[in-house]
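So you know, we letter chains A, B, ... as the sequences are listed, proteins then strands, and number each from 1. Every heavy atom of this structure was used, including side-chain atoms; hydrogens, water molecules and symmetry mates were not.
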Amino acid sequence: MYIIIALLIFAPISGEISMLKRTHTCGELNKSHKGKTVVLNGWVNKRRDHGGVIFIDLRDRYGITQVVFNPEINKFVYEQAKSLRSEFVIGVKGQVALRPEDAINPQMATGEIEIYVSELEIFNPAKTTPFEIEDNLEVNEELRLTYRYLDLRRPKLQNKLITRSKAYRIIRNHLSENDFVEIETPVLMKSTPEGARDFLVPSRNYPGRFYALPQSPQTYKQLLMVAGFDRYFQIVKCFRDEDLRKDRQPEFTQIDMEMSFVNEDDVIDTASQLTAKVFSEIMDINIPLPFPRMKYKDAYEQYGTDKPDLRFEMKITQLNSIFENTEFNVFKSVLEAQGNIAALVVPQGALLKRNRIDRLVERSKELGAKGLAYFKYQNKEFAAGIAKFISDEEKKQLTEQLALKEDDLILIVADTYQITFPVLGQLRLELAEELELIDREAYRFVWIVDFPLLEFSEEENRYVARHHPFTSPKPEQIDLLDSEPENVTARAYDLVLNGSEIAGGSIRIHNRELQKKLFKALKISDEEAESKFGFLMKALEYGAPPHGGIAFGLDRLLMILTGSESIRDVIAFPKTTSALSLMDNAPSEVSEEQLNELRIRVF
RNA sequence: GGUCCGGUAGUUCAAUUUGGUUAGAGCACCUGCCUGUCACGCAGGAAGUUGCGAGUUCGAGUCUCGUCCGGACCGCCA
């Protein structure tokens, strides 16, 4: 009885009864469907009105099909079609027909056929859009983000999100098949002191107290190991309230994994296999395993970074020994202060304009160096820049060690260890980009291992965890934690692809005493450790298995898989570099009532 | 928090080194014509608070300052 009434009331409103429902998509019809009567639904991509005959390219996410309105087929429908404009949403019913020989469009997947329309339903008209819905459009990103739902109609962007969806599926299948259990962890959690700035969520029940959104589910996944889940994974949103970059958003997605009874090699193998699986299924590329490994120290001294781009050479060379007897005061004083002199050889760089070289000098200052020395190697001679300060013996050794070739430009930074290598590393990247030395087809993976566990923070005047405070030191170095903490190596590893860090993880501490020792090294007091991480410390006392894990930055991985310049292109609704959502205007002010309820006063 | 680049019609851009008549063009849009186009074609038309606010000047799209927005970078991002 009620059902019948409901039908009577709602049926006309929903429009279901009269709606022309599609029998096919706009991407699937071909000459094998000849003569069939079909219904298509979609958006008007393009209208070509010839007066006598109207062609409409009908688009949905599967493709484009040309539909034809001809007064000889149906005069009424033809008249109706005159009102169609771009982005109208319509349904058409008609017969699939082979196009005349000379009207076949080989560029279209459906280019051999067209639909002779006998029935047209306009589901919804559309205002003229603020930009055209087509790939390769050059339009302000501000406008694209404001009308993100229109931007997302573009096939190029749709395909990126479809690839993203495919990646989720591959990852879930692969990990599930390998006994990983997918478990959701809380989004409202306890604020943690270490690391990035937290996003806070006020608690209504407990005025003055706050939840934090997770920077990662780190502690939860360790607790799941204590619980005995043995292999856990989650595709999960993480939140960090820090400034944005083209590859950084305040909310981003990780493939989070953790395993029990494992060492570094086990996690690295598992993560490598997952990566290879994703690449073979999405890119149809077979990535040979295992990926090479590089020690952090080597990466730092040869590439000036912990995420080296191995798609091109141009390694940094340390020159301390060559200049140990130098008369050049700049170098001499750096060496006396235990600093480092290192060089980057830019092939054909001697041909760069003076003005370009000046900008390199400026750039290195911006990056923190006191200066940038350089010379050119031309006609087997050292020329320009600091050439006149280099002795013959030094020239001989430089020529050999740097394997100098005609028209090389040699860039030298002499500064502290913390400055010299990163500055050259950054110049290396920027020059490779500019001189087009990067192999765009290549996928160069490398595991970076043997990271330092701690690094000294000038700002906080204490050691801080390089990875996070739950990372295990190498067992044989535990005693060094007291005497020389900066020399302790972590059981941590990062997966780097084409100069982008796509995953990072570590073997964790599963022993309460060691965890305590580490907090001590970090100058976290017993009381603070207890109040901030007491729950984890306690858990470690109840039979915590040895465990470790890793997390992939899914967005960055997808940037590479889809060839995107910006992380915004692989996220459906991203924020701008000032963390605004232009479409819905978040963040926004809230009512006085809401604030009162939370006992929050804004000043 | 800082540095740099940008903001002109719906949109992409122009507007003459050094401020000067009515701020132009392509695409899109609107109207008319056109029966085989697929970047359709032809003819015509409409369309602007030059991001916003001050200042300098006889006069500002143009110069100065502030501010907002977008982007890239530095700091930041365990």
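- The nucleotide whose nearest atom lies closest to any side-chain atom of A:Glu142 is, among B:G36, B:C69, B:G71, B:C69.
- Counting non-hydrogen atoms under 4.0 angstrom, A:Tyr116 reaches a base of the nucleic acid.
- The nucleotide whose nearest atom lies closest to any side-chain atom of A:Arg363 is, among B:C74, B:G71, B:U11, B:C74.
- Residue A:Phe131 is classed as having no contact, given no heavy-atom separation below 4.0 Å to the nucleic acid.
- Scanning atom types as modelled, one donor and one acceptor separated by under 3.5 angstrom connect the side chain of A:Gln66 and the base of B:U37.
- Going from the P atom of B:A14 to that of B:G32 covers 35 Å, rounded to whole Å.
- Salt bridge annotation for A:Asp482-A:Lys517: present, with a cationic side-chain nitrogen under 4.0 angstrom from a carboxylate oxygen.
- The nearest heavy atom of RNA chain B to A:Ala579 and to A:Gln218 marks one nucleotide each, and the one closer to the 5' end goes with A:Ala579.
- A sub-4.0 Å separation between OP1 or OP2 of B:C30 and a side-chain N or O of A:Arg85 is present.
- Across all strands shown, the partner of B:C4 is B:G71, judged by Watson-Crick or G-U wobble contacts whose two distances both fall under 3.5 Å.
- A:Ile64 comes within 4.0 angstrom of nothing in the nucleic acid, heavy atoms only.
- Atom C1' of nucleotide B:C34 and atom NZ of A:Lys82 are separated by 11 Å, given to the nearest angstrom.
- None of A:Arg491, A:Lys297, A:Lys474 except one satisfies the side chain to side chain donor-acceptor pair (under 3.5 Å) rule with A:Asp450; the exception is A:Lys474.
- Using cut-offs of 30° and 60° for the angle between ring planes, the A:Phe533 and A:Phe535 rings count as tilted.
- The partner of B:C63, taking Watson-Crick or G-U wobble pairs whose two distances both stay under 3.5 Å, is B:G55.
- Under the Watson-Crick and G-U wobble criteria, each requiring two contacts below 3.5 Å, nucleotide B:G36 is left unpaired.
- Look at CD on A:Glu112: it is 17 Å from C1' on B:G36, rounded to the nearest Å.
- Regarding contacts with the backbone of B:G71, a side-chain N or O of A:Arg568 is found under 4.0 angstrom from either OP1 or OP2.
- Nucleic acid contact for A:Glu72: base, since at least one base atom lies under 4.0 Å from a heavy atom of the residue.
- The distance between atom CD of A:Gln249 and atom C1' of B:G70, rounded to the nearest whole Å, is 14 Å.
- Phosphate proximity of B:G70 to A:Thr576: present, with a side-chain N or O under 4.0 Å from OP1 or OP2.
- A salt bridge links A:Arg59 to A:Glu87: at least one charged side-chain nitrogen sits closer than 4.0 Å to a carboxylate oxygen.
- Rounded to whole Å, the P atom of B:A46 lies 13 Å from the corresponding atom of B:G24.
- Comparing the same atom, C1', in B:U49 and in B:A23 gives a spacing of 14 Å after rounding to whole Å.
- Using a 4.0 Å heavy-atom cutoff across all strands shown, A:Ile54 reaches no nucleic acid atom at all.
- One atom, CG of A:Asp198, and another, P of B:C76, lie 18 Å apart when rounded to the nearest Å.
- The A:Pro130 side chain lies nearest to B:G10 when the options are B:C77, B:G10, B:U35.
- Both distances falling under 3.5 Å, in either a Watson-Crick or a G-U wobble arrangement, occur for no nucleotide opposite B:U50.
- If you check B:U17 for Watson-Crick or wobble pairing at under 3.5 angstrom, you find it has no partner at all.
- Going from the P atom of B:G10 to that of B:U18 covers 30 Å, rounded to whole Å.
- Between the base of B:G36 and the side chain of A:Glu114 there is a donor-acceptor pair shorter than 3.5 Å.
- Contact annotation: A:Arg48 does not reach the phosphate of B:U37 (side-chain N/O to OP1 or OP2, under 4.0 Å).
- Here B:C38 is the nucleotide among B:G36, B:C74, B:C38 with the atom lying nearest to any side-chain atom of A:Arg99.
- Closest contact between the side chain of A:Gln426 and the listed nucleotides B:C77, B:C74, B:A28 involves B:C74.
- When the P atom is used for both B:U16 and B:U22, the distance is 16 Å, rounded to whole Å.
- The residue A:Asp241 sits apart from the nucleic acid: no heavy atom pair falls under 4.0 Å.
- Remark: P of B:U37 and NZ of A:Lys46 are 16 Å apart, rounded to the nearest angstrom.
- At a cut-off of 3.5 angstrom, the base of B:G75 holds at least one donor-acceptor pair with the side chain of A:Asp243.
- For A:Asn105, counting side-chain heavy atoms from C-beta on, the closest listed nucleotide (B:C38, B:U35, B:C76) is B:C38.
- B:C65 and B:C74 are spaced 25 Å apart, taking the C1' atom of each and rounding to whole Å.
- A salt bridge links A:Glu430 with A:Arg363: at least one charged nitrogen is closer than 4.0 Å to a carboxylate oxygen.
- A salt bridge is defined here as a Lys NZ or Arg NE, NH1 or NH2 lying under 4.0 Å from an Asp or Glu carboxylate O, and A:Glu242 with A:Arg248 fails to meet this definition.
- Remark: C1' of B:G71 and CG of A:Leu580 are 13 Å apart, rounded to the nearest angstrom.
- Between A:His468 and A:Phe470, the ring planes lie tilted relative to each other; the angle falls in the 30° to 60° range.
- When distances are taken from the side chain of A:Asn140 to each of B:U37, B:U12, B:C29, the shortest belongs to B:U12.
- Rounded to whole angstrom, the span from the CZ atom of A:Arg47 across to the P atom of B:U35 amounts to 15 Å.
- Below the 3.5 angstrom threshold, one finds no donor paired with an acceptor across the side chain of A:Arg245 and the base of B:G71.
- Of all nucleotides listed (B:C77, B:U37, B:G71), B:C77 comes nearest to the side chain of A:Glu242.
- Under 4.0 angstrom from either OP1 or OP2 of B:C29 there lies no side-chain N or O belonging to A:Lys127.
- A:Ala103 comes within contact range of at least one nucleobase, with a heavy-atom separation under 4.0 Å.
- Using a 4.0 Å heavy-atom cutoff across all strands shown, A:Val464 reaches no nucleic acid atom at all.
- Atom C1' of B:C13 sits at a distance of 22 Å from the matching atom of B:G19, rounded to the whole Å.
- For A:Thr129, no side-chain nitrogen or oxygen approaches OP1 or OP2 of B:G10 to under 4.0 Å.
- Distance, A:Ile115 CD1 to B:C38 C1': 15 Å, rounded to whole Å.
- Remark: A:Arg428 qualifies as a cation-pi partner of A:Phe312 under the 6.0 Å distance and 45° angle criteria applied to the six-membered ring.
- Between the P atoms of B:G48 and B:C5, the separation comes to 31 Å (whole Å).
- Considering only side-chain N and O atoms, A:Thr128 lies nowhere under 4.0 angstrom from the phosphate OP1 or OP2 of B:G10.
- Side chain to side chain, A:Asp256 and A:Tyr232 meet the donor-acceptor criterion of an N or O pair below 3.5 Å.
- Among the protein residues, A:Asp49 comes within range of the nucleic acid bases, having at least one heavy atom under 4.0 Å from a base atom.
- Comparing A:Glu430 and A:Arg240 along RNA chain B, the residue whose closest nucleotide (by nearest heavy atom) sits nearer the 5' end is A:Glu430.
- The partner of B:G45 is B:C29, judged by Watson-Crick or G-U wobble contacts that both fall below 3.5 Å.
- Looking at A:Asp569 and A:Lys156, no side-chain N of the basic residue comes within less than 4.0 Å of a carboxylate O on the acidic one, giving no salt bridge.
- A:Ser216 comes within 4.0 angstrom of a base, heavy atoms only.
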